[in-house]
Engineer: 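Dropping a structure here in structure tokens format, bear with me for questions.
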Amino acid sequence: MDSQIRFTGFGGQGVILMGIVLARAASLYERPVGEDGKEKRMSAIQTQSYGPSARGGHSKCDVKISDQEMLYPFVEIPDWLVIMSQQAYSKYIQERRPDTKVIVDPDLVMDRPTGHIYYISATKAAESLGTRIVANVVMLGAFREISGVVSNESLERALMDALPKPTHDLNKSALAQGAKLGREAMEKKGKA
Amino acid sequence: MDSQIRFTGFGGQGVILMGIVLARAASLYERPVGEDGKEKRMSAIQTQSYGPSARGGHSKCDVKISDQEMLYPFVEIPDWLVIMSQQAYSKYIQERRPDTKVIVDPDLVMDRPTGHIYYISATKAAESLGTRIVANVVMLGAFREISGVVSNESLERALMDALPKPTHDLNKSALAQGAKLGREAMEKKGKA
Amino acid sequence: MKPVINPKLCKGCNICVYICPKKCYTKGTDISEMGYFNAVVSFPEKCYNHNREGKLICELCVLSCPDQAISWHPETEEEKKK
Amino acid sequence: MKPVINPKLCKGCNICVYICPKKCYTKGTDISEMGYFNAVVSFPEKCYNHNREGKLICELCVLSCPDQAISWHPETEEEKKK
Amino acid sequence: MDIFEFYRKDRWPHVFCPGCGNGTVMNCFFRAFNEAGLSLDNTVFVGGIGCSSRVPLYINSDALHTTHGRAIAFATGLKLAKPGLKVVVFTGDGDLGAIGGNHFINGCRRNVDMTVICINNNIYGMTGGQASITTPHDFQSTTTPYGNKEYPFDLAEIAVAAGANYVARWTTRQVHELTKSMKSALQKRGFALVEVVSQCPTNFGRRNKMADPSQMLEWFKSNTVRRDKAKSAELDHVDLNLAGQITVGEFVDRNRECYEELIGVEKHG
Amino acid sequence: MDIFEFYRKDRWPHVFCPGCGNGTVMNCFFRAFNEAGLSLDNTVFVGGIGCSSRVPLYINSDALHTTHGRAIAFATGLKLAKPGLKVVVFTGDGDLGAIGGNHFINGCRRNVDMTVICINNNIYGMTGGQASITTPHDFQSTTTPYGNKEYPFDLAEIAVAAGANYVARWTTRQVHELTKSMKSALQKRGFALVEVVSQCPTNFGRRNKMADPSQMLEWFKSNTVRRDKAKSAELDHVDLNLAGQITVGEFVDRNRECYEELIGVEKHG
Amino acid sequence: MTIPPGEYFVQGNDACVEGALASGVKFFAGYPITPSTEIAEGLAQRLKGQNGVFLQMEDEIACISAVIGASWGGAKAMTATSGPGFSLMQEAIGYAAMSETPVVLVNVMRGGPSTGQPTKASQGDVMQTKWGSHGDYQVIAFAPATVQEMFDLTVECFNYSEKYRVPAFLLSDAEVGHMRGLLRVPEKLNVIDRKEMGIRRTDEAYDVPDDLVKPFPVFGKGHKAIITGMTHTETGRIEPEDSKVHSDLVRRLNEKVLRNRKDINKWEMIGEGSKTMIISYGSSALGAKEVATKDPNVGLLRLKSIWPLPEEPIAQAARGAQRILVCEMNLGQLFFSIKRVAQDAGCKQVELLSKLGGEPPTPSEVRHKLRSMGAV
Amino acid sequence: MTIPPGEYFVQGNDACVEGALASGVKFFAGYPITPSTEIAEGLAQRLKGQNGVFLQMEDEIACISAVIGASWGGAKAMTATSGPGFSLMQEAIGYAAMSETPVVLVNVMRGGPSTGQPTKASQGDVMQTKWGSHGDYQVIAFAPATVQEMFDLTVECFNYSEKYRVPAFLLSDAEVGHMRGLLRVPEKLNVIDRKEMGIRRTDEAYDVPDDLVKPFPVFGKGHKAIITGMTHTETGRIEPEDSKVHSDLVRRLNEKVLRNRKDINKWEMIGEGSKTMIISYGSSALGAKEVATKDPNVGLLRLKSIWPLPEEPIAQAARGAQRILVCEMNLGQLFFSIKRVAQDAGCKQVELLSKLGGEPPTPSEVRHKLRSMGAV
Ligand SMILES: Cc1ncc(C[n+]2csc(CCOP(=O)(O)OP(=O)(O)O)c2C)c(N)n1
Ligand SMILES: Cc1ncc(C[n+]2csc(CCOP(=O)(O)OP(=O)(O)O)c2C)c(N)n1
Ligand code: SF4
Ligand code: SF4
Ligand code: SF4
Ligand code: SF4
Ligand code: SF4
Ligand code: SF4
Ligand SMILES: [Mg+2]
Ligand SMILES: [Mg+2]
């Protein structure tokens with residue numbers, strides 16, 4: 001089974017880091033147990049694209065995760081679409097299937113689309129942790145909680161790989177905070 | 001009928017000018033009367049090659065003259081081979097047929113080959129006219145006299161085209177002197 | 001005249017805040033449509049060009065703003081009085 | 001020592017004739033195998049290095065000759081006497 | 001002329017990062033152009049490749065956006081083919097001074113009539129922050145992870161040595177002086193260079209503890225020395241190190257015959 | 001070492017025209033190399049393309065005969081890959097100063113340890129006498145049939161401005177001084193340039209009323225001025241005109257750290 | 001100051017100079033290189049003051065860049081070089097293709113690779129002319145075989161370059177460039193000028209639709225044109241991230257040349273329908289021409305234009321032929337393409353006479369090769 | 001300081017850096033250009049002091065020149081660039097071919113022509129890699145499709161460049177270069193070093209005869225070697241006017257690569273013998289791979305090396321096939337060559353899926369095209 005995930009936002013939000021960490025987690029640390037009872041290797045590929053030369057503008061990061069040898073590694077239509085800016089919303093919202101699950105930061109995106117939508121106020125949550133810089137990590141935590149494509153342990157390990165030591169605690173909190181928001185959003189959806 | 005002529009010597013002797021003037025004469029001024037009684041157009045191509053970058057060394061100039069449209073314009077084996085240096089002699093004497101006519105300045109070439117050979121002391125004659133510079137013109141006059149491939153008038157006209165006015169008289173004398181040497185060489189050969 | 005910031009152009013670099021010798025600008029706190037925290041013209045009345053017409057002076061802000069976001073507008077009658 | 005011109009190398013440029021402060025060289029009149037008029041060491045006895053041994057002086061000719069055609073040779077007994 | 005008659009409003013907001021000095025240079029250039037009384041219809045803008053080289057694309061006139069490093073060569077052909085045109089080149093330290101170095105010095109020598117605005121941000125901005133030939137000694141960039149070991153060029157001094165008619169350098173912290181020099185350059189006959197030391201907060205500032213554009217402007221301010229007051233370089237040791245001092249001012253203002261005059265090409269203009 | 005141990009005797013007579021200054025430069029270089037006590041086994045010679053750039057082909061050691069204008073770039077890679085080698089570049093005014101201009105100035109700036117001998121005959125000799133960037137103003141060449149309208153570069157001054165450690169210029173008329181400077185250059189650590197103004201009787205002299213090589217040497221003699229005695233250029237006007245005076249002498253002799261020292265590459269030499 | 005109509009005895013490179021002047025060249029930038037230098041030297045003499053500008057630059061990259069710049073100033077502009085210089089120009093050639101700039105580039109081919117044989121002829125740069133720059137683009141290239149064609153095909157270079165806004169190449173070689181022969185300058189010459197934006201035109205250049213070849217906005221006339229080598233829309237907006245803009249642009253740039261192959265291709269056919277056909281071009285076709293003219297059983301297709309590949313004439317020559325011999329002064333650069341077209345047209349046996357070293361194949365070498373193929 | 005064996009999650013360009021280090025690269029000279037810059041940045045980090053030299057130069061011409069110079073100093077040397085920089089390097093690439101210098105050049109392809117699409121992938125430089133410099137020469141080129149192959153094929157580039165003394169190219173693209181995925185660094189790597197003059201060798205590189213690939217005279221060891229881009233004899237005597245010397249030299253330079261095609265060519269074949277075969281390479285083969293893996297009626301030949309053209313595997317794939325689809329991210333640069341070989345091998349229908357604009361063909365695009373061809 002393949003999972004196709006797309007993270008979008010504006011330059012500087014760390015959207016690309018989200019994808020790298022997720023793919024790294026799946027690729028190096030995830031060993032799900034298959035039907036045969038054996039640990040299985042997952043493979044993951046991360047790709048990206050951004051507006052004119054990395055300045056402001058939109059930013060996109062695709063991750064494809066598979067429990068088999070990866071053949072075509074690019075996301076065609078995402079199963080999961082995470083949106084963290086209005087500009088990204090306009091650019092990428094069309095590219096989905098009816099069953100694509102969309103996760104949106106409602107404070108950064110004005111529109112309210114229909115379909116499988118989860119709202120995660122990641123930026124606000126990050127601010128309440130003291131810095132907007134970790135909004136992407138909050139969102140990543142929420143995404144993991146909702147999607148379950150990798151385990152929390154793998155994700156945290158991959159995240160710590162990518163970040164300087166002094167920021168580890170902050171980011172762990174952000175991840176946990178995201179997980180919490182994710183659970184809440186799922187509950188809300190469950191009820192709706 | 002094609003005539004294939006090769007002039008050879010060392011850089012600085014004006015070997016290439018000899019070919020240019022001859023080809024120019026044939027191409028622009030020569031109008032022999034054909035069998036049908038009509039003036040005929042001749043065509044002529046001149047090509048050249050020289051040693052490393054035009055400094056000393058050998059120098060070669062080929063002329064091909066035809067009374068029809070020129071097809072293959074390069075000299076393969078010359079009908080006429082004019083040699084004005086020892087180095088050129090060594091390099092080019094092999095490329096001839098038994099009936100190739102060879103004209104040599106005996107003061108510049110030590111060897112005495114067999115075959116149809118004419119000796120023209122062009123350099124000495126030029127010195128007696130006051131300057132070695134016109135040795136090539138003397139040789140050209142002799143060549144014309146012996147070969148008859150173009151008329152004297154055409155050749156003189158083409159030569160004057162190529163030279164600055166003040167040198168015209170000197171070069172006319174050189175041409176005439178060459179013609180004289182050519183006649184003498186033919187007579188000598190005739191007797192031999 | 002008073003300086004006005006165009007919210008569609010400002011990218012929140014705060015150069016105006018730094019450069020203005022009269023401290024007319026302050027850092028912004030609200031996020032703009034483009035996703036930036038626009039600077040704010042908090043004290044236009046302190047500007048060298050306050051109530052000035054014709055040829056303006058200073059203009060460090062307008063010349064320095066990298067996003068062509070600052071332009072001059074006439075004061076309202078009320079502002080003139082400040 | 002006396003300067004000697006190698007006829008296989010000299011290209012007859014006459015720089016030696018020009019450069020020698022003692023006018024040891026003269027222009028040549030005979031054509032060489034390579035087709036050049038080699039310069040001639042006409043007055044070796046005028047050279048600064050005439051009968052000199054060990055470290056030579058001047059050497060403008062040897063250093064200037066573009067064709068490495070000039071080299072130093074010991075004088076014969078007869079030449080030494082000049 | 002309003003600034004958005006001069007610039008193509010429909011392309012705004014422009015592509016440059018928040019706080020990028022390119023926009024400041026654009027403001028000053030607009031003023032200088034206006035004050036010099038030049039007409040857009042008769043002026044062509046040429047750029048190489050780089051953030052700075054994109055300025056021409058925003059100006060409401062003909063623009064020739066060329067290849068990396070060759071803007072001066074393109075501009076030379078354009079100007080000589082149509083000598084009646086005013087030709088202005090926008091370029092960067094990498095475009096002009098690294099890959100374009102040979103066209104730069106030969107442009108100065110040939111002295112073809114053109115105005116060159118070089119936005120020197122001491123870095124390759126467009127490609128993400130690699131060292132350029134003006135990155136100061138020991139500074140950080142993505143290709144000098146252990147600090148830049150090379151010493152930088154002084155572009156303005158090279159232009160003087162190579163023969164340009166007008167050479168000035170300012171930073172984006174001196175907008176009025178910069179505007180004035182741009183005007184002088186636009187009015188000069190022959191090769192005129194205005195070098196603007198400018199901030200790239202994204203790719204230079206961020207890696208050198210000046211992520212905030214204002215910090216860079218402050219750095220410029222405190223390191224700027226007027227050329228006439230700069231400690232004169234000893235004969236035996238060229239201080240090529242920009243980090244120590246940023247010499248600013250007019251470096252040269254002279255009237256060598258320009259190339260068009262020398263070859264008499266203006267007759268067919 | 002005898003001259004024909006240093007040079008490859010079997011390639012003689014060399015290809016240069018009668019009276020060409022290249023041969024003179026070879027004599028002086030041979031002496032300087034000998035006096036500096038260097039060993040051929042440890043020295044590599046690099047040339048670009050041109051008559052002057054062919055000198056390495058005649059030397060009894062490894063030779064890298066490269067592409068036109070790029071000799072310094074090739075030499076830079078060679079030297080840094082094997083820092084124990086002595087690297088000597090032979091080049092011409094066209095090769096070094098025209099097409100190679102950018103590598104030239106960056107070579108000076110980077111200050112990699114190499115000796116560069118530039119034989120400046122003020123012309124493109126190899127291709128038959130086209131103007132080069134050092135052809136004096138108003139002189140004749142095949143591409144300037146109405147006289148050269150451009151003004152020449154002063155290669156030595158540019159090298160000083162760009163940062164070379166050692167720069168000297170002489171003509172082929174000053175063989176002893178030239179030899180001495182070549183020796184100094186060979187012994188210098190860092191980028192060392194010796195520019196030799198030299199005669200190309202075939203393609204420069206002949207078109208400028210100096211067909212006889214001795215006439216060119218006489219021209220050099222009567223126009224040579226020592227740099228310290230040269231009328232100093234006014235600040236506002238660089239006299240780029242070689243025709244007026246040929247400044248000779250040592251232009252600079254300094255000890256900026258060479259690139260190898262700066263990046264610490266010698267450790268693996 | 002173009003040369004008056006009449007007959008002249010000149011060098012190939014000089015004929016090129018005269019062809020350029022007759023076409024109205026107004027700008028030339030060059031850097032010396034054997035065996036093309038006489039073209040620069042000739043234009044240094046002839047372009048002066050009113051006539052136009054001759055510029056010797058610091059290197060070949062500067063030359064082609066200046067030539068492109070001059071073209072945007074409205075001038076017919078040209079440069080000339082040989083192998084090493086041609087290689088250096090590749091980046092800017094791609095720019096000319098992408099920006100649709102009319103420019104003419106003469107390559108007097110010499111022996112490669114690298115410095116190779118500076119004074120000797122070759123046809124080693126034929127594929128480079130088509131493929132030397134990065135990306136997908138088309139060029140127009142002519143291959144002269146005589147002094148006269150150095151003139152005629154230079155004129156065609158200018159004409160087609162102007163008409164299609166595409167870089168056009170005269171692929172000559174050291175033999176043709178340095179050979180001297182007769183040049184006939186005609187009374188009337190067909191000279192095409194670019195279709196200028198904002199100017200109505202009813203002549204030949206006008207028959208290409210505007211959406212394939214856009215009218216040319218000469219600078220300084222208020223068009224506010226944006227010219228760029230980046231992916232761009234029709235209004236000059238750069239859209240380097242837009243796949244469709246890129247695809248549409250690149251496909252149009254290629255189509256405008258490929259669709260007009262028939263208009264561009266020029267050739268000479270001798271003995272059409274022969275069982276044995278030779279296909280060749282430039283100076284390597286001269287030996288073949290003598291063979292084909294003298295031998296009634298051998299025909300010749302001599303390509304005067306080589307890019308875009310003249311597929312129709314090749315197919316036509318191949319259709320009735322039992323065997324085809326391709327003669328080239330390289331290792332067979334057009335050979336594989338010719339073979340493909342000839343085989344599609346039904347000719348099974350296609351062979352190559354490849355000659356390296358500087359001299360064009362002689363008639364006897366051609367005959368010898370034909371014999372080994374079972375012809376003659 | 002090579003990376004220890006094990007598993008890593010890295011970017012394609014980083015995998016290339018590791019491959020180079022594992023091969024023993026000692027010298028890198030580069031000039032920044034998207035999308036190749038990470039290779040320079042990675043080596044700036046890793047090459048220092050004892051490990052080797054990283055040098056950022058004034059332009060791409062300087063880079064490739066310095067790399068060739070370094071190779072003569074005995075170092076394994078490399079540069080990396082993209083389209084515009086690649087075009088600028090063409091003259092020196094011809095020099096490397098002519099002087100038989102082992103060098104590795106990475107081209108992370110982006111959309112051309114000209115500045116085009118700097119951040120988008122393409123395969124537009126495939127023909128340029130073979131034909132970009134003047135004259136007749138051969139190169140070796142590999143086309144990675146995955147992060148792992150960025151490592152593996154970089155090692156192959158060094159190996160074959162050293163073995164045959166020929167410039168070798170890693171033809172990557174923006175997708176493969178910027179994609180992140182798993183890299184497995186093996187315990188043991190097959191690393192080939194050049195056969196040095198004067199040193200006896202018995203290993204793999206030794207099986208090429210000395211008269212085809214001469215032993216390499218490292219500078220500074222008393223060989224008194226003369227290295228030149230001019231036509232030269234075996235002893236380095238330049239003979240630019242000698243036709244035979246030139247012809248012999250150029251033919252040998254070409255033969256040493258062409259004759260060893262089998263040794264050099266690398267490929268992956270899926271579903272050999274299928275009636276429908278796809279032939280592709282690099283990132284444009286990925287969509288095809290998904291189709292071929294999932295559909296038993298469709299096979300795939302994925303070329304890992306593209307120059308010299310892998311004629312044998314192409315013929316093998318074509319032999320049983322009724323139809324062949326070639327997928328490329330260009331206008332069909334290898335298409336015509338593949339078609340020629342496939343037709344010779346008996347396959348009549350050879351079609352092209354050409355995709356421009358930056359994204360590799362998707363599996364559905366491939367399926368759609370196959371359907372239109374009458375397959376699936
Ligand atoms: C031939 C070539 N090499 C490299 C590049 C990649 N490139 C694009 S912009 C740039 C650097 C620009 O630096 P600079 O001129 O200083 O402009 P900035 O972005 O800093 O304003 C480079 C190296 C290119 N486009 N073409
Ligand atoms: C790229 C390239 N352009 C042009 C040439 C032709 N070329 C060979 S030598 C030369 C000029 C050499 O001039 P210079 O360096 O002054 O050497 P000289 O012959 O005068 O000693 C030129 C232009 C070339 N070989 N390669
Ligand atoms: S300088 Fe301009 S862009 Fe920056 S904060 Fe002020 S108004 Fe906004
Ligand atoms: S004009 Fe000067 S004082 Fe007024 S707001 Fe701008 S910077 Fe401040
Ligand atoms: S300087 Fe040398 S080459 Fe010249 S004439 Fe004298 S000996 Fe002969
Ligand atoms: S050493 Fe001096 S004096 Fe003696 S011959 Fe030579 S130049 Fe004349
Ligand atoms: S990268 Fe630097 S130079 Fe480029 S737009 Fe951003 S701040 Fe300006
Ligand atoms: S052409 Fe000039 S530089 Fe070249 S060898 Fe002859 S004289 Fe010397
Ligand atoms: Mg910059
Ligand atoms: Mg020279």
Side-chain angles (χ1 to χ4, degrees), chain G residues 61 82-88 90-91 93-95 97-99 107 109 111-120 122 124-125 127-128 130-137 228-231 240-247 250-251 253-254 330-331 333 336-337 339-340 343 355-359, chain H residues 61 82-88 90-91 93-95 97-99 107 109 111-120 122 124-125 127-128 130-137 228-231 240-247 250-251 253-254 330-331 333 336-337 339-340 343 355-359:
Chain G
I61 302 176
S82 186
F86 196 50
S87 290
L88 287 173
Q90 292 305 329
E91 189 203 6
I93 288 170
Y95 179 88
M98 188 68 153
S99 60
N107 177 356
M109 290 184 283
S114 197
T115 311
Q117 295 190 292
T119 63
K120 291 290 196 172
S122 96
D125 312 349
M127 286 296 271
Q128 184 191 26
K130 171 69 192 73
W131 298 108
S133 197
H134 58 285
D136 290 287
Y137 63 102
T228 176
M230 280 191 126
T231 296
E241 268 92 28
D242 190 317
S243 301
K244 184 166 155 35
V245 169
H246 185 76
S247 180
V250 173
R251 286 184 198 277
L253 295 185
N254 282 274
N330 53 43
L331 288 179
Q333 297 200 355
F336 286 112
S337 305
K339 183 172 179 182
R340 172 178 55 80
Q343 287 187 338
K355 182 141 180 227
L356 299 182
E359 279 110 33
Chain H
I61 301 176
S82 186
F86 196 50
S87 290
L88 287 174
Q90 292 305 328
E91 190 203 5
I93 289 171
Y95 179 88
M98 188 68 153
S99 60
N107 177 356
M109 291 185 282
S114 198
T115 310
Q117 296 190 293
T119 63
K120 293 288 196 174
S122 96
D125 312 348
M127 285 295 272
Q128 183 192 25
K130 172 67 192 74
W131 298 107
S133 196
H134 58 285
D136 290 286
Y137 62 102
T228 176
M230 280 191 125
T231 296
E241 268 93 29
D242 190 317
S243 303
K244 184 167 156 31
V245 169
H246 185 76
S247 181
V250 173
R251 287 185 198 276
L253 294 185
N254 282 274
N330 53 42
L331 287 178
Q333 296 198 357
F336 286 112
S337 304
K339 184 173 178 182
R340 172 177 57 78
Q343 287 187 338
K355 184 143 179 225
L356 298 183
E359 280 109 33

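So you know, we letter chains A, B, ... as the sequences are listed, proteins then strands, and number each from 1.
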Engineer: Please classify the contact of G/Ile61 with chain H as side chain, backbone, both or neither, using a heavy-atom distance under 4.5 Å.
Structural biologist: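 When you check distances to chain H, only side chain atoms of G/Ile61 fall under 4.5 Å.
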
Engineer: Give, as side chain, backbone, both or neither, the part of H/Tyr95 having an atom under 4.5 angstrom from any heavy atom of chain G.
Structural biologist: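 Its backbone and side chain both get close to chain G.
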
Engineer: With the side chain counted from C-beta on, respond yes when G/Trp131 and H/Gln333 share a heavy-atom pair under 4.5 Å apart, and no when they do not.
Structural biologist: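 Side-chain contact under 4.5 Å: yes.
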
Engineer: What distance do G/Leu331 atom CG and H/Asn254 atom CG have between them, rounded to the nearest 0.5 Å?
Structural biologist: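 Between G/Leu331 CG and H/Asn254 CG, I get 4.5 Å after rounding to 0.5 Å.
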
Engineer: Taking every heavy-atom pair that is under 4.5 Å apart, which of G/Thr228, G/Val245, G/Leu88, G/Leu253 has the most such pairs with chain H?
Structural biologist: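 Answer, by heavy-atom pair count under 4.5 Å with chain H: G/Leu88.
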
Engineer: Name the member of H/Leu356, H/Asn330, H/Asp136 that forms the most heavy-atom pairs with chain G at distances under 4.5 Å.
Structural biologist: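 Going by pairs under 4.5 Å, I would pick H/Asp136.
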
Engineer: Chain G heavy atoms under 4.5 Å from H/Asn107: which part of the residue, side chain, backbone, both or neither?
Structural biologist: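 For H/Asn107, neither part sits under 4.5 Å from chain G.
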
Engineer: Heavy-atom distance under 4.5 Å to chain G: side chain of H/Lys355, backbone, both or neither?
Structural biologist: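 Looking at H/Lys355, just its backbone touches chain G.
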
Engineer: Any idea which of H/Ser122, H/Gly111, H/Ser243 has the most non-hydrogen atom pairs under 4.5 angstrom with chain G?
Structural biologist: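 When all of H/Ser122, H/Gly111, H/Ser243 are compared, H/Ser243 has the most.
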
Engineer: Mind checking what makes salt bridge (Lys or Arg N to Asp or Glu O under 4.0 Å) contact with G/Lys120, not counting sequence neighbours?
Structural biologist: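 G/Lys120 satisfies salt bridge (Lys or Arg N to Asp or Glu O under 4.0 Å) with G/Glu359 only.
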
Engineer: Out of H/Pro118, H/Ser337, H/Gly116, H/Gly357, return the one with the most heavy atom pairs under 4.5 angstrom to chain G.
Structural biologist: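 Result: the option with the highest number of such pairs is H/Gly116.
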
Engineer: Between the side chain of H/Thr115 and the main-chain N/O of G/Met230, is any donor-acceptor distance below 3.5 Å?
Structural biologist: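 Side chain of H/Thr115 to backbone of G/Met230: no pair is present.
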
Engineer: Could I get the full list of side chain to side chain contact (heavy atoms under 4.5 Å, CB included) partners for G/Pro84, not counting sequence neighbours?
Structural biologist: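 So G/Pro84 forms a side chain to side chain contact (heavy atoms under 4.5 Å, CB included) with G/Ile33, G/Arg110, H/Glu91, H/His134.
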
Engineer: Given 3.5 Å as the limit, does a donor-acceptor pair link the side chain of H/Asp125 with the main chain of G/Gly135, or not?
Structural biologist: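 Yes, because the side chain of H/Asp125 sits within donor-acceptor range (under 3.5 Å) of the backbone of G/Gly135.
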
Engineer: Does a side-chain heavy-atom distance below 4.5 Å link H/Met127 with G/Met127?
Structural biologist: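 Contact flag for H/Met127/G/Met127 side chains = yes.
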
Engineer: Looking at G/Lys130, G/Met109, G/Arg251, G/Gln343, which has the largest count of heavy-atom pairs under 4.5 Å with chain H?
Structural biologist: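 Of G/Lys130, G/Met109, G/Arg251, G/Gln343, G/Arg251 has the most heavy-atom pairs under 4.5 Å with chain H.
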
Engineer: Who wins among H/Gly94, H/Ser82, H/Ser99, H/Gly132 for the most heavy-atom pairs under 4.5 Å with chain G?
Structural biologist: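 Ranked by contacts with chain G, first place is H/Gly132.
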
Engineer: Sort H/Ser133 into side chain, backbone, both or neither according to what part of it lies under 4.5 angstrom from a heavy atom of chain G.
Structural biologist: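 Contact with chain G is through both the backbone and side chain of H/Ser133.
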
Engineer: For the candidates G/Gly83, G/Ala97, G/Gly124, G/Ser114, which exhibits the highest count of non-hydrogen atom pairs separated by less than 4.5 Å from chain H?
Structural biologist: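 Going by pairs under 4.5 Å, I would pick G/Ser114.
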
Engineer: Checking the side chain of G/Gln117 only, and the main-chain atoms of H/Glu241 only, is there a donor and an acceptor separated by less than 3.5 Å?
Structural biologist: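 Side chain of G/Gln117 to backbone of H/Glu241: no pair is present.
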
Engineer: Could you pull out the closest heavy-atom pair between H/Gly112 and G/Val250, with the gap in Å?
Structural biologist: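 So the minimum-distance heavy-atom pair works out to O-CG2, 3.8 Å.
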
Engineer: Drop me the distance from G/Ser87's OG to H/Ile93's CD1, to the nearest 0.5 angstrom.
Structural biologist: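 CD1 of H/Ile93 is found 9.0 Å from OG of G/Ser87.
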
